[in-house]
Each structure stands twice: as structure tokens, then as C-alpha cells.
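Remember, predicted model here, so these are calculated numbers, not experimental data. We're numbering straight along the sequence, starting at 1. Every number for a ligand or one of its atoms is a count from 1 in the order of the listing.
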Amino acid sequence: MKRLGVNIDHIATLRNARGELHPDPVFAANFAKKIGADSITIHLREDRRHIRDKDAKLICSKRNILVNLEISTNLRMIKTALKMKPNFICIVPENRKEITTEGGLDLKKNRFRIKKIISMFKEKKIRTSLFINPSIKDIKISKELDVDCIEIHTGTLSNLVKLNKSFKNEIKKIERCSLLANKLGLEVHAGHGLDYKTTKLLSKIREIKEFNIGHFIIGESIFIGLAQVIKNFKRIIGK
Ligand code: PXP
């Protein structure tokens with residue numbers, strides 16, 4: 001069975017826009033879990049633009065929710081994450097000026113730093129994944145770094161689909177990477193910019209075990225409600 005990770009960062013974006021308490025990401029985490037989310041993803045960014053420390057701490061403390069905490073390779077962030085003890089960690093690149101995570105990690109440049117970080121989380125028995133571009137080279141490096149999972153950045157595919165451009169080659173690239181990663185014993189996840197259409201396309205790739213989806217889920221909830229959107233995605237990935 002493929003799993004759905006619901007990223008609730010933008011519940012916090014909305015709350016922060018008013019500087020008040022509503023909508024509450026902790027409530028959203030419980031709600032999404034109740035509706036059928038397999039895990040909750042939160043990205044504690046260095047600039048704390050959406051999820052904040054208090055949210056992350058509270059959400060990570062929920063025993064009934066599997067929490068996937070996304071963090072950068074910044075040492076302060078690693079220390080914070082180790083204290084919060086999430087179930088899962090996803091290491092992502094971070095650039096303060098970007099609107100969202102624009103690409104995968106530069107594994108070649110940061111391999112020693114990332115290897116050390118992975119070993120710190122492994123020691124605490126926290127499942128760790130690397131957010132990478134769909135690149136065979138990066139899959140091979142991920143294996144060398146001894147990580148548990150890789151999450152393939154699907155932003156290029158999503159943009160091609162949204163712009164009505166040919167996406168066959170990008171899908172093939174993702175499929176080849178997923179096959180190799182699976183063969184090497186790395187669990188395969190996918191995320192970034194996914195909507196119903198792209199998730200349906202990627203669901204055909206057997207090796208992808210988990211989808212982490214945020215912006216579209218929260219945006220679509222405005223029209224049909226969070227519960228219905230989660231149910232729709234569960235149906236799409238369950239087929
Ligand atoms: N996966 C990872 C590792 C991410 O960094 C993000 C976005 O921050 C997502 C998934 C979700 O992307 P989106 O909000 O575009 O669905």
C-alpha cells in the first residue's frame with residue numbers, strides 16, 4: 001500500500017498571516033490523521049516562515065501520529081530536530097530567499113556533512129530520507145551515504161504537467177530512479193508540487209511507497225474541505 005504524508009506547513013502560513021492562533025496546525029495534524037493521512041509532514045525552516053518551534057514540538061510529541069520533520073543541514077536545525085524526536089526526518093536543501101524548496105540536495109558537494117547527519121539520526125533510530133532530484137548519480141550517492149529512503153523532487157514533472165508540456169521523459173527519469181533505488185534497498189518517496197493529476201501518474205510507479213503533498217491539499221481544501229481532499233488522494237494512491 002502506498003502512503004500519504006500530508007504536509008500542513010501552509011495551515012501555519014495562513015495562521016501566521018493574522019498573527020493569531022487560527023487555523024491551528026496541531027489541530028490540523030490530528031484532523032488529517034483522523035481522516036486517513038498516514039503521516040504528517042512539517043518543514044521547520046530556518047526563518048520559521050510557517051511551522052514554528054512550538055508547533056513542531058507539540059506535533060512531534062503526539063504518540064498517535066507519525067511525524068516526518070523536514071529540516072536543512074544547518075547544525076542548529078539538526079540539534080533542534082534531535083530534541084524533538086520525530087518518527088522520520090527528511091533532509092532538504094534550504095535557501096532563505098526561495099519561495100519553496102526549489103530542487104534536491106547537492107549530494108556531491110555536501111556528502112560528508114550529510115553522511116554525518118544521517119548517522120546521528122540513525123543512532124536515534126529515526127528513519128531518514130534525502131530530498132533529491134531524479135538523478136541516477138544521486139541515487140548511487142544516497143546508497144553510499146547509508147540513508148533509509150530517498151524522496152524524489154517532483155517539481156519539474158509538476159511544472160511540465162501544469163504548463164501542458166511533454167512530461168514523458170521526466171516520468172521515465174523518475175521511474176528509472178525509483179527502480180534503481182528500490183533495487184539498492186532504498187525506500188522511494190515522492191513530493192513537491194503534486195496535485196491529483198501528477199499523483200495519479202506517479203501512482204503507476206510501483207516502487208514509490210510514499211507521497212508527501214502540501215500546497216495543493218491545503219489550497220484545494222478551500223473549495224471542498226480538507227477531509228474530502230485527503231480522501232481523494234487516498235483513493236488515487238490506493239488504486
Ligand atoms: N516534500 C518535500 C521534501 C518538500 O520540501 C515539500 C515542500 O516543502 C513537499 C514535499 C511538499 O511540496 P508541496 O507543498 O508543493 O506539495
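- At a 4.0 Å cut-off, at least one heavy atom of F131 sits close enough to ligand 1 to count as contact.
- The closest donor-acceptor contact from the side chain of N7 to the backbone of D9 lies under 3.5 Å.
- Relative ring orientation between F233 and Y196 is described as tilted, the plane-to-plane angle lying within the 30° to 60° band.
- Under 4.0 angstrom from ligand 1, there are no non-hydrogen atoms of H153.
- The shortest heavy-atom contact between I51 and I8 is CD1-O, 4.4 Å.
- Geometrically, ligand 1 and G193 share a nitrogen or oxygen pair separated by less than 3.5 Å.
- Proximity of E151 to ligand 1, defined as any heavy-atom pair under 4.0 Å, is confined to the side chain (atoms from C-beta onward).
- Distances from atom 4 (C) of ligand 1 to the heavy atoms of E70, H192, E210 show the closest one on E70.
- For L21, the CG atom sits in a loose shell: 12 or fewer heavy atoms of surrounding residues, nucleotides or ligands are nearer than 6.0 Å.
- Distance check: N68 CG to C90 SG gives 6.0 Å after rounding to the nearest 0.5 Å.
- Among protein heavy atoms, atom 16 (O) of ligand 1 sits closest to G214 N, 2.8 Å.
- For atom 11 (C) of ligand 1, the nearest protein heavy atom (residue, atom name, distance) is N212 O, 3.8 Å.
- I208 and S178 make their closest contact through CG1-OG, 3.8 Å (heavy atoms, listed as atom of the first residue, atom of the second, distance).
- Counting the atoms of ligand 1 from 1 in the order shown, those under 4.0 Å from a heavy atom of V92 are 3 (C).
- A salt bridge links D47 with R49: the distance from a Lys NZ or Arg NE/NH1/NH2 to an Asp or Glu carboxylate oxygen falls below 4.0 Å.
- At the shortest separation from atom 14 (O) of ligand 1 among protein heavy atoms lies H215 N, 2.9 Å.
- Interface atoms of ligand 1 facing I213, defined by a heavy-atom separation under 4.0 Å, are 16 (O).
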